[in-house]
Amino acid sequence: MTDRRVLEVLAPGPMTTVQDLGRPGLAHLGVGRSGAADREALRLANRLLANPEGAAGLEVTMGGLVVRSHCHLLVALTGAPSPASLTTAEGRTRGVGHSAVECLPPGSVLRLGHPPYGLRTYLAVRGGLAVAEVLGSRSTDTMAGLGPPRPTTGTLLPVGPPPAAFPLIDLAPVPRPPSGETILEVLPGPRHDWFSPEALDSLCSAPYEVTTQSDRIGMRLRGPHLARANPGELPTEGMVPGALQVPPSGQPTLFLADHPVTGGYPVIAVVRTSHVDRAAQARPGDHIRFRIGR
């Protein structure tokens, strides 16, 4: 144990990464944006702590994270509501609030359980995680292999100095992340004319199931078949978060934070930017319904 501003990982859970708001504006160099899959959840956690909105925190998929504080730290949990508990160095245990400012005394252990709904929980620390930047970001890009390695048992995460501003509130009431059927607005994509005239209606006609072939790169969906009208080969072109790319199977893939910067299958539609965060909280087995935005 030290008195440094450090968070020690005792167990990382199934999937934990360090994320900030990513590396926008570098696609021309072949570098994707990456960053938090649910950016609004990370922003909220940082606002609660009076951090800059883009300060780095932990993105925890399906809970399971256990960390120990080496000093007094203020933290906030947002996104998927993992049940959380805090055990002090003296052995006293209490519950930890969600979307709330919490104090971790030195030697205390924070445990995150399995969220009952939603997929990704964010743990922000006042001062932000001060791991080394790569190309201006502390995000882990799981596809490109950029950024800090995934925390493992024993990883010591340095915490930056607290900002001058103080938290103004200690709780933020927020609506629960969607569960079951998630509604996502889309706009026609740059290659929607490569599909049959009925394809966009088919996309919105029935829900798609989120399959287990889903991660930070994208989610493969199972639902109505999207028929092509143009069977030709498409030159590789740029991709964005929210793009619904359709391979020959006719089943779309929704690109998320670590998506490839280019792709060779046509994009029938693109999910509105504000709804990509919502999509990032859908878990395998959930259903997504698309509707054309106005």
Side-chain angles (χ1 to χ4, degrees), residues 13-17 19 32 34-39 41 59-64 79-80 82 114-121 140-144 150 176-187 189 191-192 194-196 198-228 234 239-273 275-292:
M15 174 73 170
T16 295
T17 56
Q19 298 294 339
S34 189
D38 183 347
R39 291 166 298 170
E59 180 182 278
V60 185
T61 302
M62 297 301 281
S82 292
H114 185 81
Y117 51 85
L119 183 62
R120 295 179 168 97
T121 303
T140 299
D141 185 329
T142 59
M143 183 172 187
R150 288 171 53 183
R176 56 180 284 176
S179 61
E181 188 170 292
T182 300
I183 307 296
L184 301 178
E185 286 193 358
V186 298
L187 300 175
R191 303 298 175 188
H192 72 276
W194 278 49
F195 294 85
S196 70
E198 301 80 19
L200 271 177
D201 289 337
S202 296
L203 178 70
C204 302
S205 65
Y208 283 84
E209 180 183 357
V210 179
T211 72
T212 55
Q213 294 176 290
S214 302
D215 53 22
R216 282 180 43 84
I217 297 170
M219 58 173 67
R220 293 185 186 276
L221 303 173
R222 183 186 301 119
H225 180 266
L226 304 175
R228 289 268 295 269
L234 181 69
M239 292 289 146
V240 297
L244 279 163
Q245 184 178 251
V246 184
S249 68
Q251 300 294 294
T253 296
L254 172 56
F255 283 156
L256 298 177
D258 289 352
H259 67 88
V261 293
T262 61
Y265 296 126
V267 172
I268 188 172
V270 179
V271 175
R272 284 187 182 278
T273 300
H275 286 196
V276 175
D277 292 346
R278 186 182 300 179
Q281 292 292 359
R283 60 171 74 183
D286 285 352
H287 289 85
I288 285 176
R289 183 182 290 273
F290 298 105
R291 68 183 181 197
I292 300 296

If you measure from CD on Q245 to CZ on R220, what distance do you get to the nearest 0.5 Å?
9.5 Å
Looking at CG of D201 and CD1 of I292, how far apart are the two atoms once the value is rounded to the nearest 0.5 Å?
8.0 Å
Which distance, rounded to the nearest 0.5 Å, do you find between the NE2 of H225 and the CZ of R228?
10.0 Å
Would you say that D215 contacts M15 through its side chain, given a criterion of any heavy-atom pair below 4.5 Å between the two side chains?
no
Going by the salt bridge (charged side-chain N to carboxylate O under 4.0 Å, His left out) test, which pairs reach into residues 253-262, not counting sequence neighbours?
R216-D258
Suppose we screen for ring-ring contact (aromatic ring centres under 6.0 Å, His included). Which residues come up paired with F290, at least two apart in sequence or across chains?
Y208
Non-hydrogen side-chain atoms of T17 and R120 separated by less than 4.5 Å
no
Given R278, which of T182, I288, V271 fulfils the side-chain contact (heavy atoms from CB on, under 4.5 Å) condition?
T182
State, yes or no, whether a side-chain contact exists between Q19 and S34 at a heavy-atom distance under 4.5 Å.
yes
If you count the non-hydrogen atoms of other residues, nucleotides and ligands that lie under 6.0 Å from CZ in R272, is the total more than 12?
yes
Does the side chain of P284 come within less than 4.5 Å of T212's, by heavy atoms?
yes
Just how far is it from atom CZ of R39 to atom CG of D277, taken to the nearest 0.5 Å?
5.0 Å
Who passes salt bridge (charged side-chain N to carboxylate O under 4.0 Å, His left out) against R150, sequence neighbours left out?
none
CD1 of I268 to OG of S196, rounded to nearest 0.5 Å, is 7.5 Å
Nearest 0.5 Å, what's the NE2-CD1 distance between H287 and I183?
12.0 Å
Do L221 and L244 have side chains that approach each other closer than 4.5 Å (heavy atoms only, starting at C-beta)?
yes
